[in-house]
Amino acid sequence: METGKEKEESISTSALIAMVAIVVGLIVVASYANWQNAHRDRIETTTITRFTPEASASPTP
């Protein structure tokens with residue numbers, strides 16, 4: 001006679017597929033983030049322009 005502790009419990013197929021899909025999704029997102037981090041120099045550029053304000057005209061009386 002089997003008791004509750006001795007019964008073999010198994011995971012349903014749909015739950016297993018969902019877990020695999022989540023893990024694959026996380027792997028894809030992590031790979032994309034690492035690719036962007038490795039290629040950041042080519043993706044992001046910063047342009048610095050020096051701005052010299054013009055002298056303001058003095059008010060005339």
Query raised in the report: Just by distance, do the side chain of Asn34 and the backbone of Ala30 share a donor-acceptor pair under 3.5 Å?
Result: yes
Query raised in the report: To the nearest 0.5 Å, what is the distance between OG (Ser14) and CE (Met19)?
Result: 9.0 Å
Report summary line: Note: Ile11 and Leu16 closest approach over all heavy atoms is CG2-N, 4.1 Å
